[in-house]
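In what follows, a single structure is set out as structure tokens and then discussed.
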Number of protein chains: 2
Amino acid sequence: MKPTSTVPSCGTDQAKRGCAGSFRLEEFLPYLLSVAANRVSGLLARRYQDAFGLTIPEWRCLAVIGEREPISASGIVDRTAMDKVKVSRTLASLEAKGFVQRAAHPTDGRLALFSFTARGRTVYERIVPLALETEREVLAGLSTGEERALRVGLLSLLKSLEEIEGEKNRF
Amino acid sequence: MKPTSTVPSCGTDQAKRGCAGSFRLEEFLPYLLSVAANRVSGLLARRYQDAFGLTIPEWRCLAVIGEREPISASGIVDRTAMDKVKVSRTLASLEAKGFVQRAAHPTDGRLALFSFTARGRTVYERIVPLALETEREVLAGLSTGEERALRVGLLSLLKSLEEIEGEKNRF
DNA sequence: AGGTGATAGTTTCATATGAAACCAACGTCA
DNA sequence: TGACGTTGGTTTCATATGAAACTATCACCT
């Protein structure tokens with residue numbers, strides 16, 4: 001497993017794409033995925049910023065609040081794959097901007113419940129169409145079947161990852 | 001395009017998923033994509049780090065050097081979707097770790113050409129199988145057809161993005 | 001009550017990031 | 001030749017990030 005020669009011994013030891021000489025970064029799925037995600041996020045970030053002065057974490061929090069208002073910070077953590085530090089800071093900034101308000105939980109003094117202000121709700125309702133429009137644009141090159149396949153693939157991927165990481169991550 | 005009412009007029013104006021009340025973050029493709037990419041990157045990052053002490057940018061540079069050695073920093077920028085600051089720093093770190101070496105370009109004094117050291121080549125040849133193995137694991141839940149569909153979808157997405165961004169980005 | 005361990009959320013601190021400024025070498029045009 | 005705009009690459013600086021520490025509350029057990 002540790003070839004020391006300068007020239008790798010290709011062509012016999014691995015079936016396909018298996019030897020170093022034939023590795024192609026641009027066909028490597030994790031790379032493709034990362035580039036695609038970053039580009040899509042970048043496009044959205046620019047649009048959210050230009051139209052509403054929102055960052056992606058801010059938009060994500062608003063999106064979840066829109067689904068489950070009122071919701072606690074940890075509820076948002078569960079539904080966004082963002083860590084709690086980022087959520088905490090994002091909620092603070094949304095509060096400062098006057099888009100959300102925090103209220104004490106009636107019985108549990110640890111929780112803060114977040115909901116829209118009137119202004120936050122308006123922004124939310126205006127930004128949803130922008131988000132969906134951008135999603136459609138980005139998917140414009142794909143047929144309905146291809147889009148479905150892409151979604152299925154991503155969900156499958158996430159499922160695989162949960163299994164793989166579960167071995168090491170469930171503490 | 002700018003509804004001012006507090007309550008969105010749902011149910012009639014958009015076919016599906018078109019009004020704020022029905023927006024689902026976890027079905028929003030940019031979000032799915034971002035979560036999937038981050039999780040895959042995270043898994044790889046842990047493995048590269050544990051096995052070889054490499055970060056993802058470092059591995060990306062090594063991957064490109066493995067394809068086109070010797071190559072300049074700007075050549076790597078072109079092939080990795082990383083910005084030149086990150087590439088510059090990553091190459092400096094790879095050089096410090098003794099994995100790559102830099103040489104002056106024979107005729108153009110601006111370019112530095114990077115190639116593997118013996119040690120760097122060894123690491124590269126050992127890390128390629130790890131990368132491919134991880135790719136296979138992550139894709140384990142997908143059939144061959146589904147995997148192809150996912151790849152096609154991602155490439156399509158990237159093509160769409162080039163067109164969309166081209167309008168505003170080609171300076 | 002009082003101790004103990006878990007949970008919610010914030011703050012600290014060290015590192016990562018990238019836009020913009022910067023330096024150096026190039027090519028070209030007068 | 002020598003100004004000038006360009007390109008390759010590094011440095012600066014202000015911001016973003018997240019692990020770990022911290023505070024406060026809760027739930028449970030004695």
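Numbered from 1 within each chain, the chains take letters A, B, ... in sequence-line order. Owing to the predicted nature of the structure, the values given are computational and were not obtained by experimental measurement. Only heavy atoms go into these numbers, but all of them, side chains included; no hydrogens, no water, no symmetry mates.
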statement: From the candidates D:dG9, C:dT17, C:dG9, the one with an atom nearest any side-chain atom of A:Ser72 is C:dG9
- line: Of C:dT10, C:dG18, D:dG9, the nucleotide closest to the side chain of A:Lys84 is C:dT10
message: For B:Gly75 and A:Pro57, find the nucleotide of DNA chain D closest to each by heavy atoms; which residue's nucleotide sits nearer the 5' end?
response: B:Gly75
message: Rounding to an integer number of Å, can you tell me how far B:His105 NE2 sits from C:dA25 C1'?
response: 13 Å
statement: From CD of A:Gln49 across to P of D:dA16 the rounded distance in Å is 10 Å
- request: Round to the nearest Å and state the distance from A:Met82 atom CE to D:dG18 atom C1'.
  value: 13 Å
message: Quick test of your reading of the model: are A:Glu162 and A:Lys159 salt-bridged, counting only N-O distances below 4.0 Å?
response: no
query: Just to confirm, is there a sub-4.0 Å distance from OP1 or OP2 of D:dG9 to any side-chain nitrogen or oxygen of B:Ser88?
result: no
- prompt: Is any side-chain N of the basic residue among A:Glu67 and A:Arg79 closer than 4.0 Å to the acidic one's carboxylate O?
  reply: no
message: Which nucleotide wins on minimum distance to the side chain of B:Asp108, given the candidates C:dG9, D:dA20, C:dA25?
response: C:dA25
query: Please give, in whole Å, the distance from C:dG18 P to A:Arg46 CZ?
result: 14 Å
- request: Would you mind reading off the distance between B:Ile56 atom CD1 and D:dT17 atom P, rounded to a whole angstrom?
  value: 17 Å
statement: B:Leu111 atom CG is separated from D:dT6 atom P, nearest whole Å, by 18 Å
field: Cationic N near anionic O, under 4.0 Å, A:Arg121 to A:Glu69
entry: yes
task: Examine D:dG9: is either OP1 or OP2 under 4.0 Å from a nitrogen or oxygen in the side chain of B:Ser74? Give yes or no.
output: yes
- request: Using a strict 4.0 Å threshold on nitrogen-to-oxygen distance, state whether A:Arg24 and B:Glu135 make a salt bridge.
  value: no
- request: Look at A:Lys86 and D:dG18 and indicate whether a side-chain polar atom (N or O) is within less than 4.0 Å of OP1 or OP2.
  value: yes
query: Is A:Ala112 touching bases, backbone alone, or none of the nucleic acid, heavy atoms closer than 4.0 Å?
result: sugar-phosphate
field: Sugar-phosphate only, base, or nothing, as touched by B:Ser93 at under 4.0 Å among non-hydrogen atoms
entry: nothing
- line: By nearest-nucleotide position on DNA chain D, the 5'-leaning member of B:Arg102 and A:Asp83 is B:Arg102
message: Without decimals, in angstroms, what is the distance between A:Leu91 CG and C:dA8 P?
response: 14 Å
- request: State whether A:Arg110 places a side-chain N or O below 4.0 Å from either non-bridging phosphate oxygen (OP1 or OP2) of C:dT10.
  value: no
Sugar-phosphate only, base, or nothing, as touched by A:Thr90 at under 4.0 Å among non-hydrogen atoms: nothing
message: Less than 4.0 angstrom from a charged side-chain N to a carboxylate O is my criterion; do B:Glu133 and B:Arg47 meet it?
response: no
message: From CD of A:Glu58 over to P of D:dT17, roughly how many Å is that when rounded to an integer?
response: 11 Å
- prompt: Within the structure, does a side-chain N or O atom of B:Arg89 lie under 4.0 Å from either OP1 or OP2 of C:dT15?
  reply: no
task: Classify the side-chain pair B:Ser74/B:Arg110 by whether it contains a donor and acceptor separated by less than 3.5 Å.
output: no
